[in-house]
Amino acid sequence: PYWERWTRELPTIESLADASADKIHKLWEGLGYYTRVRNLQKAAQKIMAEHDGQFPQTSDSVLALPGIGRYTAGAICSIAFNQPTPILDGNVIRVLSRVYGIKTDPREKHTNARLWQLAAELVRLASETKNHATPCSHLNQSLMELGALICTPRSPNCVACPVQKFCIAHKNNLQEQLP
């Protein structure tokens, strides 16, 4: 209901860009951190000023919007525009760490860079798929869902896992330890 109220009152980028601070804060009640709504409005204003009111479709342009980080830019560009941009959230980190048998801390700079590189390579390969309308979108959504529903932090359901036969953690019985 909160989101429906928001979209009913501010249905366009332009309406959000032009709304008063009081209005956006009142409408945002129940939707989370207020920093997000301030960044959302700044992003809408930037889209109006720099992109003629059209949401940008390149990763660099999306990343340049206030409040948008690498993960969110990758998710937007791959899911909404089917571009080969990687994503790396907690679920994807867990899946990649287990499948590739990465034993080092994913928060370490070198390990995190390796995980981003693996995610980028997988989505690039997915983009080469010719018999699927949205391979980049589906790959990234699948990685997130796999981590959320099957490759869970505790008691992963390896029996139901579609990549079990490729998973180094499963082969070495390390799925409870990684990452």
Side-chain angles (χ1 to χ4, degrees), residues 1-96 105-129 132-149 179:
Y2 297 111
W3 181 247
E4 290 169 357
R5 178 188 66 202
W6 172 271
T7 56
R8 188 173 50 253
E9 293 290 322
L10 299 171
T12 66
I13 293 170
E14 184 176 14
S15 64
L16 172 57
D18 293 340
S20 70
D22 287 341
K23 182 173 184 172
I24 66 167
H25 283 99
K26 182 66 178 164
L27 288 170
W28 195 257
E29 288 177 359
L31 290 172
Y33 301 108
Y34 287 95
T35 303
R36 290 180 180 160
V37 75
R38 288 189 289 274
N39 282 331
L40 190 60
Q41 186 176 46
K42 289 176 189 172
Q45 291 166 343
K46 187 170 184 165
I47 291 167
M48 293 305 298
E50 298 178 16
H51 300 283
D52 297 321
Q54 297 298 309
F55 195 90
Q57 294 189 17
T58 66
S59 183
D60 288 341
S61 296
V62 174
L63 190 56
L65 295 173
I68 303 286
R70 187 175 182 187
Y71 164 76
T72 302
I76 290 168
C77 289
S78 69
I79 295 170
F81 308 124
N82 194 46
Q83 294 174 6
T85 53
I87 60 163
L88 198 63
D89 69 355
N91 290 323
V92 177
I93 287 170
R94 186 170 46 261
V95 169
L96 296 180
D105 186 344
R107 293 171 291 204
E108 290 178 3
K109 187 176 180 180
H110 176 75
T111 304
N112 192 264
R114 181 174 178 208
L115 289 164
W116 275 106
Q117 182 181 22
L118 286 169
E121 180 64 14
L122 288 172
V123 77
R124 185 195 62 76
L125 289 169
S127 74
E128 296 173 1
T129 302
H132 193 293
T134 56
C136 299
S137 174
H138 280 160
L139 173 78
N140 281 338
Q141 290 183 75
S142 296
L143 287 171
M144 289 186 290
E145 289 296 309
L146 183 62
L149 302 175

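Quick caveat, the model's predicted, so the values are computed rather than measured. Computed over heavy atoms, backbone and side chain alike; hydrogens, waters and symmetry mates excluded.
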Colleague: Quick check on Y2: does its OH atom have over 12 non-hydrogen neighbours (other residues, nucleotides or ligands) under 6.0 Å away?
Modeller: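 No, not enclosed.
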Colleague: Considering residues, nucleotides and ligands other than E128, do more than 12 of their heavy atoms fall under 6.0 Å from its CD?
Modeller: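 Count over threshold, so yes.
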Colleague: Apply the test side-chain contact (heavy atoms from CB on, under 4.5 Å) to residues I47 and Q54: give CA-CA distance (whole Å), side-chain angles for both, the deciding distance (0.1 Å), then the verdict.
Modeller: CA-CA 6 Å; I47 291 167; Q54 297 298 309; 5.7 Å; no
Colleague: When you compare the side chain of F55 with that of L65, does any pair of heavy atoms fall below 4.5 Å?
Modeller: yes
Colleague: Give a yes or no answer on whether the side chain of W28 reaches the backbone of Y33 with a donor-acceptor pair at less than 3.5 Å.
Modeller: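 It does hold such a pair.
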Colleague: For R94 versus P179, what's the shortest heavy-atom pair and its separation?
Modeller: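 Here R94 and P179 meet closest at CG-CD, 3.6 Å.
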Colleague: I'd like to check L122 versus L96 (side-chain heavy atoms, cut-off strictly below 4.5 Å). Are they in contact?
Modeller: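 A side-chain contact under 4.5 Å exists here.
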Colleague: Determine the minimum heavy-atom distance between P84 and S127, stating which atoms define it.
Modeller: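 Taking P84 first and S127 second, the nearest heavy atoms are CB-CB, 3.8 Å.
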Colleague: In this structure, are over 12 heavy atoms from other groups packed under 6.0 Å from Q117 atom CD?
Modeller: no
Colleague: Among pairs that include at least one residue of residues 1-11, which meet salt bridge (charged side-chain N to carboxylate O under 4.0 Å, His left out), considering only residues two or more places apart or in two chains?
Modeller: E9-K23
Colleague: Are the side chains of N112 and R107 in contact, using a 4.5 Å heavy-atom criterion?
Modeller: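 Side chain of R107 against side chain of N112, heavy atoms only: no contact under 4.5 Å found.
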Colleague: Given I79 and M144, is the side-chain contact (heavy atoms from CB on, under 4.5 Å) satisfied, shown in steps?
Modeller: CA-CA 12 Å; I79 295 170; M144 289 186 290; 3.7 Å; yes
Colleague: Would you name the heavy atoms of P56 and H51 that are closest together and state the gap between them?
Modeller: CB-CE1, 3.8 Å
Colleague: Would you mind listing every salt bridge (charged side-chain N to carboxylate O under 4.0 Å, His left out) that reaches into residues 26-45, with sequence neighbours excluded?
Modeller: K26-E29
Colleague: What are the two closest non-hydrogen atoms of A17 and Q45, and how far apart are they?
Modeller: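 The pair with the smallest heavy-atom distance is O-NE2, 3.1 Å.
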Colleague: Heavy-atom distance under 4.5 Å between the side chains of I68 and I76, does that happen here?
Modeller: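 Yes, their side chains come closer than 4.5 Å.
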Colleague: With no hydrogens and no angle check, is any side-chain donor or acceptor of T129 less than 3.5 Å from a backbone partner on A126?
Modeller: yes
Colleague: Any side-chain donor-acceptor pair under 3.5 Å between S61 and Q57?
Modeller: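 Note: S61 and Q57 side chains miss the donor-acceptor criterion.
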Colleague: For a 4.5 angstrom cut-off between non-hydrogen side-chain atoms, does V37 reach W6?
Modeller: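 Answer yes - side chains close enough.
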Colleague: Does anything in residues 62-87 form a side chain to side chain donor-acceptor pair (under 3.5 Å)? List the pairs, not counting sequence neighbours.
Modeller: S78-N140
Colleague: What is the distance from atom CD1 of I24 to atom OG of S15, rounded to the nearest 0.5 Å?
Modeller: 11.5 Å
Colleague: Any non-hydrogen side-chain atom of N91 less than 4.5 Å from a side-chain atom of L143?
Modeller: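 They are not in contact (no side-chain heavy atoms under 4.5 Å apart), so the answer is no.
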Colleague: Going by heavy atoms in the side chains, are D105 and T111 under 4.5 Å from each other?
Modeller: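 The answer is no, as the side chains (C-beta and beyond) never meet within the 4.5 Å cut-off.
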Colleague: Measure the shortest side-chain to side-chain distance between L16 and L40 over non-hydrogen atoms and say whether it is less than 4.5 angstrom.
Modeller: yes
Colleague: Do the ring planes of H138 and H132 sit parallel (below 30°), tilted (30 to 60°) or perpendicular (above 60°)?
Modeller: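 Correct class here is perpendicular.
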Colleague: Specify the closest pair of heavy atoms between C77 and V62, including all atoms of both residues, with the distance to one decimal.
Modeller: SG-CG2, 3.9 Å
Colleague: Drop me the distance from L125's CG to E121's CD, to the nearest 0.5 angstrom.
Modeller: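 The CG atom of L125 sits 4.5 Å away from the CD atom of E121.
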